[in-house]
Amino acid sequence: VLIACILPCADATTIFSAQDLIDLFNHVSGNALLVNIDIADDLDFSQTKLSQPLGTLPNGACIPYGGTLHGNGHTIKGLVIDNINQKKHNNAGLFCSMTLVRIDNLIIDSSCVFRGISAGALCVSATGSLALTNVTNEALVQGKSTVGGFIGDVKGLEGSRIQFHNCTNKGNVSGHQQIGGFIGWISQTVMLDIQFNNSVNNGLISGQDRETGGFVGGCSDNAQMTIVFFNVSNHASVSGGNMSGGIIGLIQKSKMIKIAINQSTNNGLIWNHNGNDKSQIGGMIGGIEDSQDLNISVSHSINNGGVDGCDCVGGVIGCIWMINNGVIVIENTMNNGTIRGNKHVGGLFGVVVEGIHTNVIMTNGTENEETNETGLTGGNDESMGIKIVISNSTNNGVVSQITHPIISSETNMSQTSVNNNDEIATRVGFGGFAGAIGGDNTNVTIRDSMNNGSISGNVGIGGFIGMIESSPQYSFKL
């Protein structure tokens with residue numbers, strides 16, 4: 001259910017030109033501009049002198065926009081905001097912030113450019129609930145951190161809802177860290193509900209450092225948050241130093257979190273461009289770490305994209321680390337992509353480490369094509385209280401270590417270092433399903449499953465499990 005109307009009793013202000021929209025903010029009073037807007041024509045900003053996001057005051061303060069904006073299929077064009085090298089007022093977006101907003105049928109076209117320390121084509125930050133329907137971004141968005149195709153930063157919200165319905169990002173999004181096709185970074189929220197429905201990312205997503213995702217760069221320090229992805233698709237390359245995913249790059253330092261990915265697809269290449277040892281690269285989710293009371297589900301979804309990294313690489317999830325009381329379910333999900341790495345690499349997930357009371361359940365999953373080091377599960381290393389069930393699953397892929405760097409035709413970038421000079425002894429754990437399983441009180445069950453792939457490696461090689469290590473108490477059922 002989308003937000004119906006923010007100001008139901010107010011007449012809409014009709015906007016015929018870019019200057020009309022600028023003038024609205026020149027006469028604002030109070031803590032927010034609360035007005036319904038009806039856009040009657042394409043808005044060309046190329047002849048205006050707008051150099052700051054709408055709502056930015058001379059002293060650098062921000063007046064958020066709130067209300068219902070009907071785009072009526074019209075286009076924002078010719079708007080270039082380049083503040084990345086400014087000492088003050090150094091963010092970029094159409095609006096500086098939005099709160100209690102509904103926007104529909106609007107296009108931000110490719111003639112627009114947004115460059116700032118933090119940036120989003122629609123707004124730098126969201127400070128309240130918002131709903132976007134049939135909104136498209138084609139603009140280039142660049143920044144340093146918290147950079148998103150639509151929204152740069154979502155921080156400190158409580159009891160709010162953010163919804164994307166039938167939205168598309170076509171613009172390339174890049175920066176150093178916390179880079180997402182829709183939202184750059186989500187942090188310090190309580191009871192936040194985010195929904196992505198029938199939405200697509202077609203823009204290249206690239207980060208020089210960490211936390212990059214086709215839809216969300218990452219989220220940290222949140223409580224009682226729910227994010228649902230239903231029928232979403234990423235079709236473009238996602239690259240970063242580490243923690244990169246076709247849907248989300250990183251989930252960390254949070255509690256009571258529910259993430260559901262349903263009937264969704266990644267077709268893009270997800271890759272680690274600088275060869276970091278702990279890359280955490282996943283077809284859907286790069287890394288899940290240092291959190292408690294998590295419920296993560298991936299169902300009826302497909303990864304068709306290649307996933308390339310060094311350590312902790314998976315067709316669905318790269319790394320699951322330090323989870324206290326978590327349930328992770330992968331069901332009716334298929335990996336068709338080539339998965340490559342040097343250690344802890346799997347067709348569905350790479351590695352589970354140091355978990356307390358964590359359940360990982362796989363049902364009706366299939367891994368097809370070539371994988372490296374492990375077929376379905378890369379490893380379960382140094383875990384506490386882990387339960388893993390692999391059911392009705394198949395590995396048909398070749399299992400081996402990475403042997404040559406990746407070259408991306410989409411980005412004209414190459415992976416200059418893949419750490420192939422590591423000691424041979426560190427490249428351990430090569431298995432059809434699991435490379436390595438370890439830790440105290442570990443329970444592993446594999447049933448109604450098959451490995452058809454050839455397995456090769458240096459140390460710890462097995463058709464199903466490469467090796468079991470450091471496990472004082474474990475149960476293994478085949």
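Quick note: residue numbers are just sequence positions, from 1. Computed from a predicted model, the values in this text were never measured in an experiment.
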Minimum-distance pair of heavy atoms, taken over all atoms of Asn91 and Asn83: O-ND2, 2.9 Å
Closest approach of Val307 to Gly315 (non-hydrogen atoms, all atoms of both residues): CG2-CA, 4.4 Å
Minimal non-hydrogen separation, Ile302 against Met284, with atom names: O-CE, 3.3 Å
Distance-only polar pair, side chains of Asn262 and Ser299, donor-acceptor under 3.5 Å: yes
Pair Gln142, Arg115: side-chain N/O donor-acceptor within cut-off below 3.5 Å: yes
Shortest non-hydrogen contact between Ser244 and Ser239, atoms and distance: OG-C, 4.0 Å
All ring-ring contact (aromatic ring centres under 6.0 Å, His included) counterparts of Phe114, not counting sequence neighbours: none
Any donor-acceptor N or O pair under 3.5 Å, side chains Ser220, Gln252: yes
Candidate list Asn201, Asn169, Asp109, test side chain to side chain donor-acceptor pair (under 3.5 Å), partner Asn137, passing option: Asn169
Minimum heavy-atom distance between Ile248 and Gly218, given as atom pair plus value: CG2-CA, 4.3 Å
NZ/NE/NH1/NH2 to OD/OE distance under 4.0 Å, Asp221 and Lys253: no
Salt-bridge contact Arg340-Asp308 (side-chain N to carboxylate O under 4.0 Å): yes
Whether Phe215 and Phe196 hold their rings parallel, tilted or perpendicular, with breakpoints at 30° and 60°: perpendicular
